[in-house]
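All remarks here apply to the structure that follows.
Sequence lines set the chain letters: A, B, ... in the order given, protein chains first and strands last, and positions in each chain run from 1. Values in this document were obtained by computation on a predicted structure and should not be read as measured data. Side chains included, hydrogens not; waters and symmetry mates left out as well; all remaining heavy atoms used.
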2 protein chains.
Amino acid sequence: MSKSKLTVEHCATALRAVIASENRRVTSYDVAQVAGVSQSAVSRCFKPGASVSKTTYALVMKAAALLDYIPNAAARSLITRRSNMVALIVTNQANLYYPELLAEVSQQFAARGKRVLLFTLHREADVDRVLADVWQFQVDGVIAAARLSEAHIAEFDRRRMPVVLFNRTLRDHSVNTVTCDHVEAGRMLASRLAAAGHRQFGIIGGSMDSSVASERRRGAVERIAELGLPAPVVVPGDYDYRSGALGLKAIIAELGGVPDAIICGSDVMAIGCLDCARHELGLEVPQQLSVAGFDAVEPSNWISYNLTTLRQPLPKMAAAAADLLCARIDQHETDTEKRVFSAQFIEGATARLTPAGARTPGLTATGLRLPVAIM
Amino acid sequence: MSKSKLTVEHCATALRAVIASENRRVTSYDVAQVAGVSQSAVSRCFKPGASVSKTTYALVMKAAALLDYIPNAAARSLITRRSNMVALIVTNQANLYYPELLAEVSQQFAARGKRVLLFTLHREADVDRVLADVWQFQVDGVIAAARLSEAHIAEFDRRRMPVVLFNRTLRDHSVNTVTCDHVEAGRMLASRLAAAGHRQFGIIGGSMDSSVASERRRGAVERIAELGLPAPVVVPGDYDYRSGALGLKAIIAELGGVPDAIICGSDVMAIGCLDCARHELGLEVPQQLSVAGFDAVEPSNWISYNLTTLRQPLPKMAAAAADLLCARIDQHETDTEKRVFSAQFIEGATARLTPAGARTPGLTATGLRLPVAIM
DNA sequence: TTGTATGCGTTATCAC
DNA sequence: GTGATAACGCATACAA
């Protein structure tokens, strides 16, 4: 062990004692002192592409390690005007039904050197308080997976805060969005079911302020009308298991019989509907009733359900959201873009997907058979 | 509209233009200028219990509103040494199987004026990189719901970083923890099942580095031994649906027959086991086989499963974690405390919970009947 | 490549 | 109650 090394280490431990007694943090000045260089040299060593000599760098890193020095992100953000934090605003609902979303978003940003500050809404009314916090914390951008008003979006603009809406759209506003085409998904599902001969549909929607569920419903209703089928019975739902059972019973009551197919605004409701149909009402699914959902959550794939559903490409959507936001933050991109992904159809086994033909006549509520519809 | 008001508003709009042209942020100096007071007066107005006159306060708030001024948390934290952020370190697994956890923790801290910065681990190996970020971002404390080594905990101490371990314990270390008593839960489950006459157990554990699953397993194994029952067959699992089916088959293979009961380290595995037993192997549950899990995740309550399981009081645990951490942060509490909650038994319908008696003889693999065991 | 000097936006300390 | 002034810890323009 060389003499100079000994000196450096002694110096470091002595300084650590001083720092501890003064009850302050280790700063770049401390490192500079131990390393025998200036504070700016230390600063440069922690900046990726800076011009520092090999020897200075080694000295500084040695001293930093001895002192357990780590740059203070708050102080850095003050001058760089970059906090390397992004806000993720998410409703509890989204959190419960897409548990992967948080992890995906978090990792996509981590890979881009940014961390996620979490803002959960338990009620939509909280949005004002939450936004006030978002401004305070100096995040570099926002991923909003919650319902925001036009006024709120306008505030983002006013504060020049980059934002990407996730599965939300806002007409008449140039704002970055990443969405799954829920209208298309609803249409696709209706088409497939109609092609298999279903005529009378029931639809269990989401809560009234959920744009996702309402778009799915709209797509299905549109397509059913285009195909000239009887108007579906539409009942509201609350996105939960119980809603599925309640919705099914409400539809049967209103229709005075069992429909050919039930389209649910989410998998959890579809599973609730399915369990009710099979275990409470004793209906054979899909022989007497087809049931379909949306989202392809994990349980939809379990043997007991094997649900017919549509999958959102969540990992790709999270990556797209991170890309859009980082482009605005780091490359000062100003053009806005709307990235729309298609849902992927999962056949499952809770819906008949081929025409029943003569093999199983009389399954529809109306007793009428539809020729294979054009998809 | 009074003359002075007009002046203030004009002044504000003019200043906003200047600020925009200089491409800088709105600061407390700007507000002070518009309000006609000093910068420190503005600062005081935004500090909850400060001494400011009614009129000054009104002037400042008016000016702040006109300028869309919000205090900069980064600058504040530099001097107060408080960022009002806490880190939540969580594995992807925990995120997937306890989706409520994130929301609960986030809201508990929001209620205490703190925000959650999210750190997800996709591999345990990431922990070093993640911790480096935790230090950088100057969080006030850490909730760790991931496996941390003794060395890592020691680093928390060294950096004087308050930390609460969530569902993790570390022997020989005085550190705040909030846990569910998983050993007790495992024992409780074994007792109940043994009391109902089950003799031969199979256990599907969690992955080998999951303390939660291993504690549950240990509790069950201990209790089974205490009751003098045959040694259970223990196989590892991976916390996922597929592990449940694989585990069941492995147990049957090793045992050369169907055991009386399977205890799974998590609900998801229990559900996988259940589906395999019923739909692949054609076993009647619970008549031919009892299956139990842990966690009481939402699907465990669905009609198709109605699982016998144990619930962790997650909301209370999240609140306790927030309390402990905030006490250390805000009241500089130095004593450490371990808060242990009991799991709540959920009867469900996938396990026989009363002695079979003479009604259904010969159900056990060994054909022997156990007298009601002492709980 | 390196060191000096300055500013980021706030809170805290002190006189007044 | 109010206003000047000094930190907080870092990055950067500039001179050397």
Closest-nucleotide ordering on DNA chain D, the 5'-leading residue of B:T55 and A:F46
B:T55
For salt bridge (charged side-chain N to carboxylate O under 4.0 Å, His left out), just list the numbers for A:K62 and A:E9, CA-CA rounded to whole Å, side-chain angles, deciding distance to a tenth of an Å, and then say yes or no.
CA-CA 9 Å; A:K62 166 101 185 170; A:E9 275 148 17; 3.1 Å; yes
I'd like to know if B:D68 and B:R25 make a salt bridge, using a cut-off of under 4.0 Å between side-chain N and carboxylate O.
no
Separation of D:dG3 P from B:Q33 CD (nearest whole Å):
14 Å
Can you check the B:N72 CG to D:dC10 C1' distance for me, whole Å?
14 Å
Do B:Q39 and D:dA4 share a donor-acceptor pair, side chain to base, under 3.5 Å?
no
Nearest-angstrom distance from the residue atom CG of A:N23 to C1' of D:dA7
15 Å
Measuring from the side chain of A:T56 (C-beta onward, heavy atoms only), which nucleotide among C:dT1, D:dT2, D:dG9 has the closest atom?
C:dT1
Could you check how far CH2 of B:W135 sits from C1' of D:dC10, rounded to whole Å?
21 Å
Nearest-Å distance, NZ (B:K47) to C1' (D:dT2)?
15 Å
With a 4.0 Å cut-off on heavy atoms, is A:V37 in touch with a base, just the backbone sugar-phosphate, or nothing at all?
sugar-phosphate
Length of the CZ-P vector between A:R76 and C:dG9, whole Å
18 Å
Counting only side-chain N and O atoms of A:T80, is one of them less than 4.0 Å from OP1 or OP2 of D:dA11?
no
For D:dA4, does either OP1 or OP2 sit under 4.0 Å from a side-chain N or O belonging to B:Y29?
no
Just how far, in rounded Å, is C1' of C:dC8 from CD of B:E22?
14 Å
Check whether any side-chain N or O of A:S43 sits under 4.0 Å from OP1 or OP2 of D:dC10, and answer yes or no.
no
Under 4.0 Å from OP1 or OP2 of D:dT2: is there any side-chain N or O of B:S53 that close?
yes
Could you check whether the side chain of B:R44 and the base of D:dG3 have a donor-acceptor pair of N or O atoms closer than 3.5 Å, going by distance alone?
yes
Between A:S28 and D:dC10, does any side-chain N or O lie under 4.0 Å from OP1 or OP2?
yes
Measure across B:L117 and B:M85 and return the closest heavy-atom pair with its distance rounded to 0.1 Å.
CD2-CE, 4.5 Å
Checking D:dA11, D:dC8, C:dT1 against the side chain of A:I79 (C-beta onward), the nearest is D:dA11
So that I know where these two stand, are B:W135 and A:Y69 an aromatic pair - ring centroids less than 6.0 Å apart?
no
Would you indicate what A:S40 reaches in the nucleic acid, counting non-hydrogen atoms under 4.0 angstrom: base, sugar-phosphate, or nothing?
base
Does A:Y69 have a side-chain nitrogen or oxygen under 4.0 Å from the phosphate oxygens OP1 or OP2 of D:dC10?
yes
Gap between atom CD of A:Q107 and atom CZ of A:R112 - 0.5 Å precision:
11.5 Å
d(CD1, B:I19; C1', C:dC8) in whole Å:
15 Å
Counting heavy atoms from C-beta on, name the nucleotide in D:dC10, C:dG3, C:dG7 closest to the side chain of A:S38.
C:dG3
Can you check side chain to side chain donor-acceptor pair (under 3.5 Å) on B:S28 and B:Q39, steps first, answer last?
CA-CA 6 Å; B:S28 50; B:Q39 180 270 337; 3.1 Å; yes
